[in-house]
Amino acid sequence: GGDSSLTGTLSVTGATTLSSTLGVTGNSTLSGTLSVTGATTLSNTLDVTNVVNLKDTTDATSSTSGGSLTVDGGAAIAKKLYVGDDLNVTDAASIGGALSVTGNSTLSGTLGVTGATTLSSSLDVTNVVNFNDTTDATSSTSGGSLTVDGGAAIAKKLYVGDDLNVTDDLSIGGDSS
């Protein structure tokens with residue numbers, strides 16, 4: 001019924017049951033599978049050399065209720081990250097490389113672009129477009145704030161605030177004043 005102390009190796013051949021806390025003050029090596037049926041608390045670093053697989057399929061509902069995995073602090077991932085369903089970011093996101101989006105996308109706020117932008121397909125704008133640059137045009141190929149390589153169709157009125165230069169034929173379908 002009292003305390004026991006062992007200064008050598010304890011070798012147990014059969015199953016062993018401990019009815020209280022097992023305290024280990026040095027390093028421990030387990031050569032088989034460690035099965036834990038209750039909650040587990042680690043008070044220091046968990047360093048895993050091989051794959052970690054969380055088999056629980058509970059879905060996340062917020063940044064503090066992460067389903068199978070909730071991390072209270074930051075997280076660093078040294079290699080690729082694949083997300084199988086929705087990705088929700090509740091604060092700013094910074095991407096250091098190229099962003100590739102293969103499906104349709106919706107932006108609810110303003111899209112700010114500081115560098116040059118190339119669109120490889122149509123640009124369809126539902127509301128007003130305003131170019132704030134005031135660079136003046138010098139020719140049909142150096143249009144100042146807007147240069148169009150192909151034709152242009154304007155369905156309603158066109159107001160020109162300064163000179164109008166036409167370098168080829170001019171056809172007017174209605175009255176001119």
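What's counted below: heavy atoms across the whole structure, side chains too, no hydrogens, waters or symmetry copies.
The shortest non-hydrogen separation linking Val51 to Val48 is O-CG1, 4.5 Å.
In this structure, a donor-acceptor pair under 3.5 Å is present between the side chains of Thr135 and Asp133.
Linking ILVMFWY residues whenever their side-chain heavy atoms come closer than 4.5 Å, directly or via other members, places Val125 and Phe131 in the same cluster. Note: the hydrophobic cluster containing Leu119 also contains Val148 (ILVMFWY, side chain heavy atoms under 4.5 Å, direct or indirect links). Hydrophobic cluster membership differs between Val128 and Val113, with clusters built from Ile, Leu, Val, Met, Phe, Trp and Tyr side chains linked at under 4.5 angstrom. A continuous path of hydrophobic side-chain contacts links Val83 to Ile77 [ILVMFWY only; heavy atoms under 4.5 Å]. Cluster membership for Val101 and Ile95, using ILVMFWY side-chain heavy atoms within less than 4.5 angstrom, is shared.
Taken to the nearest 0.5 Å, the CG atom of Asn165 stands 8.5 Å off from the OG1 atom of Thr167. Distance check: Leu123 CG to Thr117 OG1 gives 10.5 Å after rounding to the nearest 0.5 Å. Between Leu30 atom CG and Ser28 atom OG the span is 6.5 Å, to the nearest 0.5 Å.
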Open item on the list: Quick one, Thr33 with Ser35, criterion side chain to side chain contact (heavy atoms under 4.5 Å, CB included). Give me CA distance, side-chain angles, the key distance, then yes/no.
Closed with: CA-CA 6 Å; Thr33 300; Ser35 296; 4.1 Å; yes
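Checking side-chain atoms of Ser139 against main-chain N and O of Thr141 turns up a donor-acceptor pair under 3.5 Å.
With sequence neighbours left out, Ser68 forms a side-chain hydrogen bond (donor to acceptor under 3.5 Å, both in side chains) with Asp56.
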